[in-house]
Amino acid sequence: MRDAYHEELDSIGDGLVEMARLVGSAIGRATTAILDADLTLAESVIEADRKVDELQHDLEARAIALLARQQPVATDLRIVVTSLRMSADLERSGDLAQHVAKLARLRYPERAVPHDLHATILEMGQLAQRLMAKSAEVLVTKDIDLALQLEQDDDDMDLLHRALFQHLIDGRWQHGIETAVDVTLLGRYYERYADHAVAVAKRVVYLVTGEHADELQPDVPPATRAEGA
């Protein structure tokens with residue numbers, strides 16, 4: 001019975017990794033769809049989100065069943081409860097990728113992103129995908145240092161988001177109000193997606209250590225510590 005119980009805990013972890021990989025792929029494909037006005041690709045991202053939702057529902061059902069049957073305590077309870085929260089973050093990430101794809105579909109056959117912002121949106125999409133790939137790796141390896149690094153990586157997304165906003169309020173903007181709204185929404189989708197990727201990594205820190213990530217700091221090289229002393 002105990003072996004079956006731990007196998008079920010492991011399977012919940014496997015489900016989270018699969019969700020992370022699916023939503024990571026989704027944001028990459030959605031970015032291509034929005035930049036290339038690729039309707040077929042956009043539709044495939046929208047449809048694929050159903051699989052993410054199904055995984056979340058299945059994971060929630062199994063986690064709740066474990067809580068009811070096994071009444072876990074201490075570390076096991078932390079695993080189950082934290083897994084439920086991570087599944088919600090990942091499901092929301094999938095929704096945000098779907099929002100990008102839906103915007104591509106809405107503006108088809110036109111492109112929602114003007115040429116002068118193409119590189120910025122591409123960079124935001126690539127960064128979002130890298131962040132989620134790191135979160136998936138953290139889920140597998142339970143690497144606390146890598147998990148803590150994600151918040152630093154997220155600073156790059158914040159900088160891109162601010163640069164995008166500055167472009168929008170520039171007096172030389174010539175693409176109209178509708179495009180400005182589209183770009184504003186896109187920036188928000190990517191920024192929120194990155195936040196959810198970071199949240200997953202932070203929850204792994206809590207799962208492993210029992211401490212919140214904000215209470216910990218990444219390892220700092222001795223030379224750096226000496227300089228700051």
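No experiment lies behind these values; they were computed from the predicted model shown.
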All side-chain contact (heavy atoms from CB on, under 4.5 Å) counterparts of A20, not counting sequence neighbours: L90, M132, A136, L139
For D155, salt bridge (Lys or Arg N to Asp or Glu O under 4.0 Å) partners two or more places apart: none
Output every pair passing side chain to side chain donor-acceptor pair (under 3.5 Å) with a member in residues 24-34, not counting sequence neighbours, ordered by first then second residue. S25-R29, R29-S44, T31-Y190
Name the residue from I27, D95, L127, V100 that meets the side chain to side chain contact (heavy atoms under 4.5 Å, CB included) definition with Y193. I27
Can you run down the salt bridge (Lys or Arg N to Asp or Glu O under 4.0 Å) pairs that involve residues 33-42, sequence neighbours left out, and say none if there aren't any? none
Pairs involving residues 183-193, ordered by first then second residue, that meet salt bridge (Lys or Arg N to Asp or Glu O under 4.0 Å) (sequence neighbours left out): R188-E191, R192-D195
What pairs with A180 under side-chain contact (heavy atoms from CB on, under 4.5 Å), at least two apart in sequence or on another chain? L168, W173
Under 3.5 Å, side-chain donor or acceptor atoms of residues 78-87 against the rest of the protein: list the pairs with distances, not counting sequence neighbours.
| unit_1 | atom_1 | unit_2 | atom_2 | d |
| --- | --- | --- | --- | --- |
| R78 | NE | Y206 | O | 3.2 |
| R78 | NE | L207 | O | 3.1 |
| R78 | NH2 | L207 | O | 3.2 |
| T82 | OG1 | R78 | O | 2.7 |
| S83 | OG | I79 | O | 2.6 |
| S87 | OG | L84 | O | 2.8 |

Output side-chain donor-acceptor pairs under 3.5 Å for residues 105-117, partner residues at least two apart or in another chain, one line each.
| unit_1 | atom_1 | unit_2 | atom_2 | d |
| --- | --- | --- | --- | --- |
| R105 | NH1 | E43 | OE1 | 3.2 |
| R107 | NE | D182 | OD2 | 2.7 |
| R107 | NH2 | D182 | OD1 | 3.1 |
| R111 | NH1 | L35 | O | 2.8 |
| D116 | OD1 | H175 | NE2 | 3.1 |
| D116 | OD2 | H167 | NE2 | 3.1 |
| D116 | OD2 | H175 | NE2 | 3.4 |

Please identify each residue that fulfils salt bridge (Lys or Arg N to Asp or Glu O under 4.0 Å) with D58, with sequence neighbours left out. R62
Applying side chain to side chain donor-acceptor pair (under 3.5 Å), which residue pairs with at least one partner in residues 125-142 are found, sequence neighbours left out? K134-D153
The complete set of ring-ring contact (aromatic ring centres under 6.0 Å, His included) pairs with one or both residues in residues 69-99, sequence neighbours excluded, reads H99-Y189
Co-members of F165 in a cluster of I, L, V, M, F, W and Y side chains, linked at under 4.5 Å: I169
